[in-house]
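These notes concern the structure reproduced below.
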There are 2 protein chains.
Amino acid sequence: MNSRKQHVIKMSHQLFIDRGYHATSIQDILDYSGISKGTFYNYFASKNELLISIFKGLHSKMKKERNELLIGKDESDLDVFIKQFELQMNINRKYKLFTLFEEVLISPDPELKQFVKEAQIGVIKWTFERFVEIFGEDKKPYLLDCAIMFIGILNQNMKYYALEHDRYTTGVHQVVLYSVLRVEKMVKELATSGEQLNEPELLDKWVPKKLKVNGTFQEELNQSINDLKKISLENHDATKYIELLDFIQDELLHAKNPRAFLIENTLVPLKNSSLFDSKQVEHLEYLVSIFFNEHNN
Amino acid sequence: MNSRKQHVIKMSHQLFIDRGYHATSIQDILDYSGISKGTFYNYFASKNELLISIFKGLHSKMKKERNELLIGKDESDLDVFIKQFELQMNINRKYKLFTLFEEVLISPDPELKQFVKEAQIGVIKWTFERFVEIFGEDKKPYLLDCAIMFIGILNQNMKYYALEHDRYTTGVHQVVLYSVLRVEKMVKELATSGEQLNEPELLDKWVPKKLKVNGTFQEELNQSINDLKKISLENHDATKYIELLDFIQDELLHAKNPRAFLIENTLVPLKNSSLFDSKQVEHLEYLVSIFFNEHNN
DNA sequence: TTATAGATTGTACTGGTAGTCTAATATGTA
DNA sequence: TACATATTAGACTACCAGTACAATCTATAA
C-alpha cells in the first residue's frame with residue numbers, strides 16, 4: 001500500500017486515540033498529516049472507510065501475531081490460548097480499539113455497522129474454534145455458548161478491572177487467566193448438565209456465506225483474475241504475473257484443500273506491482289478473504 | 001412534569017426507536033410532535049438532554065416495576081431475581097434501550113457519557129446487592145465479580161440469542177434462566193477456589209459519592225427545602241406543604257435510617273402542585289436521589 | 001531536455017446538522 | 001381588560017462531511 005496513505009492512516013489513528021473518532025474532523029486529519037482534502041478523498045471514500053482501514057490493519061497485525069503464538073505449540077494447550085487473548089487485549093488497549101469500536105458500535109453508516117458486526121462474530125467464531133481444539137470435539141455442543149459467554153465475561157472483567165488497575169499491564173494476564181478459568185469450569189459443568197442455548201451450527205448462518213459453491217462468486221473471481229491477466233498480457237515483462245494469477249485461480253477453484261497462506265503470499269507481488277490498479281488487486285484480495293472466510297477472524 | 005413536554009419525550013422516543021438517535025434530527029422531532037424549535041429548547045437544553053430524559057423516565061418505570069416484583073416475596077428467592085431481570089430485558093427490548101444506549105455509548109458529549117457510565121455501574125451495583133441477598137453474606141467477596149460477569153454473560157447471550165429467535169418473547173425467560181444458572185454454579189465454584197478479581201468495596205468508589213456527610217450537600221438540601229417553604233409561607237392554603245417539607249427535612253437529616261419510599265411519596269404532592277416552580281421541586285428530588293444513592297440503580 | 005500522465009493541491013461549493021436569538025403571537029390568570 | 005408567561009416561526013451562526021474542478025507539481029519516458 002501507498003506509504004503516504006499508510007502515513008495518513010497512522011496520523012489519523014493517533015488523532016482518533018487522542019480526541020475520539022467523532023471529535024476528529026477531516027480538517028484535523030488534513031492538517032495533522034499534511035495532505036489536502038482532494039488527496040484524502042482519493043485515498044478513502046469516506047471518514048468511515050478510513051476507520052475501517054485502521055481496523056483492518058490492526059486486525060491483520062493481531063491475527064498474524066496471534067497465530068505466531070501457536071506455531072510449534074500444542075493447539076489444545078490452554079496456556080497458549082491465554083497468551084493469545086492477552087495479546088489481543090493488549091493490542092486493544094494500546095490502540096484503543098475497544099473505545100473506537102464502541103464509539104461507532106451503532107453507527108448511522110450501514111457499511112461500518114456491518115463491519116463491526118462481522119468483526120464481533122469473527123471473534124466469537126475464532127474463540128469457538130479454539131475451544132473445540134482445547135476442550136475436544138465431544139464438548140462441541142456447548143462450546144458456542146461458552147465462547148459467547150467467555151467474550152462477555154472477559155470484556156466485562158477487563159472493563160471494570162481497568163477502572164481500578166489502570167496502569168498495570170500485569171493485570172491483563174490476571175484478568176484473562178481468571179476469565180479462562182471460569183469458562184473452563186463452565187465447560188465441565190455444562191457437559192454434565194447438558195444445557196444448551198445455541199447450536200454451534202448457527203455460526204455458519206451468522207458468518208457471511210461461504211460463496212465457494214455459489215456460481216456468481218466463482219464468476220466474479222474469474223472475472224477479477226482475468227482482468228488482471230489481461231493487463232499482464234498487454235505488458236511485456238509481465239508473464240510472471242500471469243503465472244501467479246494462474247496459480248491462484250487453480251488453487252482456489254481446483255485444489256481439494258486450497259492453502260490460504262500460499263495464496264496470500266502470491267498476492268504480495270501483485271499488490272506491490274505498479275502495473276495494476278491497486279483497487280483491482282484489493283478486490284481480488286477481498287474475494288480471496290471471502291473464499292477462506294477469513295475476513296472475520 | 002408538563003404533559004406537553006411528556007408528549008415530546010414520547011414522540012421523540014418513538015422516532016429514536018424507528019430511525020435511531022443520530023438519524024433523527026431536531027427538525028424531525030419538531031415536525032412529529034408538533035412543537036416549535038423555541039419550545040423544544042425551552043424544554044431541553046440539548047438533544048442529549050432529551051435522550052437522558054427518556055432514559056430516566058424508563059429507568060424509574062423499570063425500577064418501580066422491578067421492586068414491585070419483590071414485595072411479599074423472599075428476597076433470597078432466585079426465581080424472583082430471574083423475573084426481575086426478565087422484566088428488565090423485556091423493557092430493554094420493547095423500548096430498544098440497549099440499542100439507544102449503544103448508539104451513544106461513547107458519545108462526544110461528556111454529560112451523556114457520564115450518565116451512561118453511571119447507569120451501567122448502577123446495574124452492577126443492584127445486581128451485586130441482590131446477589132448478596134440471594135447467595136448470602138458469606139459469599140460476598142466473590143459477588144461483585146459474579147455480578148460483573150453475570151451482566152456480561154446475560155448481555156452476550158441476549159445479543160446472540162436474539163440473532164436467531166427474534167420473535168419469541170419466551171426466549172427471554174430461557175436466556176435469563178440459563179445465565180442465572182451459570183452464575184449460580186460460578187458462585188459455588190468461586191467460594192471453594194477462593195479466587196477474587198475485584199473487592200466489593202470498590203463499588204463505593206465507583207458509585208458517585210454519598211454526599212450525606214458532606215457539609216455543602218446538607219447546606220444545599222436545606223437551601224432547597226427552605227426555598228420551597230418560603231413560597232409556601234407566601235401563600236395562604238399552603239401550610240400542608242410546609243408540613244411535608246418539614247417531614248422530609250427531618251427524615252433526611254435526623255432519622256437513623258431515612259425511609260426512601262416515604263420521602264418519595266411525600267414529594268408527589270409537591271410535584272403536582274402548581275404552586276412551585278417545577279425546576280425547584282425537581283432539584284429537591286435530585287438531591288434526595290443523591291442522598292439515597294439511588295440515581296443509578 | 002521536453003512532453004505527458006498521474007498525483008496532489010487549494011478552494012469554493014452543496015447540503016446537512018445543532019443550537020441561538022428575537023420579534024410577534026397566543027394563552028391563561030388576576 | 002391587562003399582564004405575565006408560554007409558544008411560535010424563522011432567520012441566523014457555526015460547524016460538519018463530502019463534491020467538483022481547475023491549477024500545479026512530479027516522475028518517467030521519449
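Here the structure is a predicted model, which means the values were calculated and not measured.
- Every side chain to side chain donor-acceptor pair (under 3.5 Å) that Gln27(A) has, sequence neighbours left out, goes to Asp31(A).
- Taking five base pairs at each end of the helix from dT1(C)-dA30(D) to dA30(C)-dT1(D) and finding the rotation axis that steps the C1' atoms of four pairs onto the next four gives two axes whose angle is 10°, to the nearest 10°.
- Sorted by first then second residue, the salt bridge (charged side-chain N to carboxylate O under 4.0 Å, His left out) pairs that include residues 46-58 of chain A, not counting sequence neighbours, number zero.
- Among residues two or more places apart in sequence or in another chain, the side chain to side chain donor-acceptor pair (under 3.5 Å) test is passed with Ser25(B) by Asp28(B).
- Phosphate contact (OP1/OP2 of dT9(C), side-chain N/O of Thr39(A), threshold under 4.0 Å): present.
- Under the rule for a salt bridge (Lys or Arg N to Asp or Glu O under 4.0 Å), the partners of Lys61(A) that lie at least two apart in sequence or sit in another chain are Glu65(A).
- Between the side chains of Asn48(B) and Tyr21(B), a donor-acceptor pair is found at a separation under 3.5 Å.
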With the criterion being N/O to N/O and under 3.5 Å, what pairs connect the protein with nucleotides 15-22 of chain D, and how long is each?
| from | atom 1 | to | atom 2 | distance (Å) |
| --- | --- | --- | --- | --- |
| dA17(D) | OP1 | Lys47(A) | NZ | 3.2 |
| dA17(D) | OP2 | Ile26(A) | N | 3.1 |
| dG18(D) | OP2 | Tyr41(A) | OH | 3.2 |
| dG18(D) | OP2 | Lys47(A) | N | 3.0 |
| dG18(D) | N7 | Lys37(A) | NZ | 3.2 |
| dG18(D) | O6 | Lys37(A) | NZ | 3.0 |

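- Straight-line distance from the CG atom of Asp31(B) to the P atom of dA9(D): 10 Å, rounded to whole Å.
- Here Ser224(B) pairs with His283(B), Leu284(B), Leu287(B) under the side chain to side chain contact (heavy atoms under 4.5 Å, CB included) rule; sequence neighbours left out.
- Residue Tyr43(B) places no side-chain N or O under 4.0 Å from the OP1 or OP2 atom of dA6(D).
- Put simply, CD on Glu49(B) is 10 Å from P on dG19(C), counting in whole angstrom units.
- Atom CG in Leu30(B) sits about 11 Å away from atom C1' in dT8(D), given to the nearest Å.
- In this structure, the CD1 atom of Ile35(A) is 11 Å from the P atom of dG10(C), given to the nearest Å.
- The shortest distance between the side-chain N/O atoms of Arg4(B) and the OP1/OP2 oxygens of dA6(D) is not below 4.0 Å.
- Rounded to whole angstrom, the span from the CG atom of Asn42(B) across to the P atom of dT22(C) amounts to 15 Å.
- Between the CG atom of Leu50(B) and the P atom of dG19(C) there is a distance of 10 Å, rounded to whole Å.
- With sequence neighbours excluded, no residue satisfies side chain to side chain donor-acceptor pair (under 3.5 Å) with Ser60(B).
- Minimum heavy-atom separation, Ser53(A) to Phe44(A): OG-CE2, 3.8 Å.
- Evaluation of the salt bridge (charged side-chain N to carboxylate O under 4.0 Å, His left out) test over residues 8-18 of chain B, restricted to residues two or more places apart or in two chains, returns none.
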